[in-house]
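Written below as C-alpha cells is the structure these notes are about.
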Amino acid sequence: MDGSMKRRDFIKSATFAGAATMLGEGLSGIGQVAAQSKTAIKPVVISSQNGLKATARAMEMIKEGNDALDAVIACVNIVEDDPNDMSVGYGGLPNEEGVVELDSSVMHGPTGRGGAVAAIRNIKNPSKVARLVMERTDHVLIVGEGALRFAKAHGFKEEDLLTKESREVWLKWKETMSTDDDWLPPHDLDSKDIGEGLKSAIRTTGTINCNAVDLKGNISGVTTTSGLAWKIPGRVGDSPILGAGLYVNNEVGAAGSTGRGEANLLACSSVMIVEYMSQGKSPEQACLMACERIARQTKMKRLLDDQGRPKFNVNFYAINKRGEYGGAAIWSGPRFAVNTGEVESRLESCAYLYKREARN
Ligand code: GLY
C-alpha cells in the first residue's frame, strides 16, 4: 500500500472526513500517547457538568475551524455570564465579606503558553483576562488589584457581580454562621484533629473546566470559578494555578478539575493526570489515579470520614491527543459534559473511588 492509500484510509476513518488532517511532525520520543496519536484527528470537547449546553457551542466553533482555545473560552464565557450558575463569574457566591472574587487560567497547547488571574473583583469574564495575561504580558499569573487594573487597561468594564440571589444566599450564611468558616485556632502542626467542627471541606465549590481538541489536533483548556463560597478574602484555589486546576501538553492531552481546590493545590493533580496519560494511561484511568493520590495525601482528621476517606469531593476531566476522554471523582455522583461532534452534548458519569451512600 502506498502513502496516498494510507492517507485516504486515515481520512475515511476521521470523525470529520472533510476537515481531517494528519498528525506527524515532531511527535517522536514523547511517550506512548504521542506515538499512538499519528492517526486521524478526533475533535472533542469535555467540561464539568455545568457546561452541558456550552460545550455544544464550543464544538460548533471547532467544526468551523476555530482554534481549541477560542472554543473553550467561548464555552466558559456562556457559564460566566449566566447569573443562575452561582459557582462561576456573574452571580458567583462571594467571599465571607460578601465580595465576589474570581479565579481563572487558560493554556494553549500549540504554543505551550498559559495565563491566569486570581482573586479578581468586578470583572465577570476572568477567562478573557487570563487569556490577555498570556497574550499581552510576559507573565503567567496576575492577582487581585493588579489583575483588575490590568483588565481595565484592556477596556474591561467593572461591574457588581453579586446578584440579588447570591447576596441573599451569602446573607443567610452570615446570619447563621457558627463554626462554618475557614479560620483555625492556634495548634500544633502535628495535630491531625484540629478544627473538626469546620464544614469548609464540604462547602460549595462550583467551577467550570473545559478542554478541547480542534480539527488540527491542537489542544487547549480553561478553568474559571468564583471559588469556595464564603472564603477568606484573597483565598486562591486551584483554578488559576497551572498544574493544579488545569494543565495542557499539546503532545499528550489536557486535564482540569472542579471541587476542593486546596486538595489539588497540594497534589498538583492536573499536571499529574497529563503525566499519567503520557505514560499510557487512559484519560479515565489517569483521573482515577489523581483521586487516589489525593486520598493518600489527605491526613487531617477534620477532612476524613470515620473510614479514613476524604469527606470532600474533587472531580477531574481529561482528554488525550487521540480524542479519547474521561472523568473521575473521589466520590460517586458527578457527571461531565462531552461532545464528540454532535449538535447536542451529552452527560456521562464520572468513574469514582468511593460509592456515596445515603449520608456521607
Ligand atoms: N476548585 C475551585 C476552587 O476550589 O476554588
Side-chain angles (χ1 to χ4, degrees), residues 19-31 33-35 37-38 41-47 58-59 61-77 103-118 125-143 147 150-151 153-154 156 208-224 238-257 268 270-275 277-278 283 317-323 325:
T21 53
M22 302 298 293
L23 294 178
E25 64 278 19
L27 294 181
S28 58
I30 51 167
V33 171
S37 68
K38 295 178 186 176
I41 292 163
K42 285 192 193 158
V44 61
V45 181
I46 190 171
S47 84
M59 180 50 77
M61 287 182 64
I62 284 175
K63 286 184 189 174
E64 289 163 6
N66 289 288
D67 186 277
L69 186 65
D70 294 322
V72 295
I73 291 178
C75 169
V76 302
N77 288 165
D103 298 336
S104 181
S105 62
V106 303
M107 229 177 143
H108 185 234
T111 57
R113 295 174 72 183
V117 287
N125 296 122
S127 59
K128 288 185 182 171
V129 188
R131 181 184 192 149
L132 278 174
V133 172
M134 178 184 89
E135 290 179 344
R136 302 290 289 274
T137 78
D138 188 35
H139 304 321
V140 172
L141 172 61
I142 303 182
V143 308
F150 173 77
H154 280 278
F156 284 79
I208 178 166
N209 162 250
C210 181
N211 309 302
V213 178
D214 64 25
L215 293 182
K216 291 184 179 150
N218 286 324
I219 306 170
S220 284
V222 57
T223 304
T224 179
D238 59 323
S239 303
I241 306 301
L242 297 176
L246 175 70
Y247 198 73
V248 177
N249 178 334
N250 206 46
E251 289 155 350
V252 177
S257 180
C268 300
S270 294
V271 71
M272 293 305 299
I273 292 171
V274 174
E275 282 306 300
M277 291 194 292
S278 81
Y317 319 93
I319 53 175
N320 69 19
K321 188 81 178 165
R322 294 194 293 269
Y325 61 87

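Under the side chain to side chain donor-acceptor pair (under 3.5 Å) criterion, S47 pairs with no residue at all, not counting sequence neighbours. For H154, the ring-ring contact (aromatic ring centres under 6.0 Å, His included) criterion is met by F150, not counting sequence neighbours. In this view, S104 satisfies the side chain to side chain donor-acceptor pair (under 3.5 Å) rule with no residue, not counting sequence neighbours. Partners of A254 by side chain to side chain contact (heavy atoms under 4.5 Å, CB included), not counting sequence neighbours, listed by chain and number: N211, I219, V248, I319. Legend: residues meeting side chain to side chain donor-acceptor pair (under 3.5 Å) with T137, ordered by chain and number and at least two apart, are absent. Considering only residues two or more places apart in sequence or on other chains, D70 meets the side chain to side chain donor-acceptor pair (under 3.5 Å) condition with R131.
Distance alone, capped at 3.5 Å, is enough to place a donor-acceptor pair between the N249 side chain and the E251 backbone.
Rounded to the nearest 0.5 angstrom, E64 CD and L215 CG are separated by 10.5 Å. The SG atom of C75 sits 11.5 Å away from the CD1 atom of I46 when rounded to the nearest 0.5 Å. Here the straight-line distance linking atom CG of N209 with atom CG of D238 works out to 9.5 Å at 0.5 Å rounding. Note that CG of L141 is 5.5 Å distant from CD1 of I241, once rounded to the nearest 0.5 Å. Taking CG from N218 and CG from L69, the interatomic distance works out to 10.5 Å, rounded to the nearest 0.5 Å. Here the straight-line distance linking atom CG of L246 with atom OH of Y317 works out to 13.0 Å at 0.5 Å rounding.
Taking both residues in full, the closest heavy atoms of C210 and V45 are given as SG-CG1, 3.6 Å, listed atom of the first, atom of the second, then distance. When all heavy atoms are compared, the tightest approach of S270 to G256 is OG-CA, 3.7 Å. Scanning all heavy atoms of the two residues, the minimum distance from V222 to I73 falls at CG1-N, 4.3 Å. Across all non-hydrogen atoms, the minimal contact from A147 to V129 is O-CG1, 4.4 Å. When all heavy atoms of L242 and G114 are compared, the closest pair comes out as CD1-CA, 4.0 Å. Scanning both residues, A116 and S105, for their nearest heavy atoms gives CB-CB, 3.8 Å.
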Margin query: Quick one, Y325 with N320, criterion side chain to side chain contact (heavy atoms under 4.5 Å, CB included). Give me CA distance, side-chain angles, the key distance, then yes/no.
Written below: CA-CA 6 Å; Y325 61 87; N320 69 19; over 6 Å; no

*Could you please spell out the steps behind the side chain to side chain contact (heavy atoms under 4.5 Å, CB included) verdict for F156 and K128?*
CA-CA 10 Å; F156 284 79; K128 288 185 182 171; 3.7 Å; yes

- Message: Checking K321 against V252 for the side chain to side chain contact (heavy atoms under 4.5 Å, CB included) test, could you report, in this order, the C-alpha distance in whole Å, the side-chain angles of both residues, the deciding distance, and whether it holds?
- Response: CA-CA 5 Å; K321 188 81 178 165; V252 177; over 6 Å; no

Check against side chain to side chain contact (heavy atoms under 4.5 Å, CB included), V133 and V117: CA-CA 8 Å; V133 172; V117 287; 3.9 Å; yes

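In this structure, a donor-acceptor pair under 3.5 Å is present between the side chains of D67 and H108. In this structure, a donor-acceptor pair under 3.5 Å is absent between the side chains of S239 and D103. Of the N and O atoms on the side chains of N66 and D214, not one donor lies less than 3.5 Å from an acceptor on the other residue.
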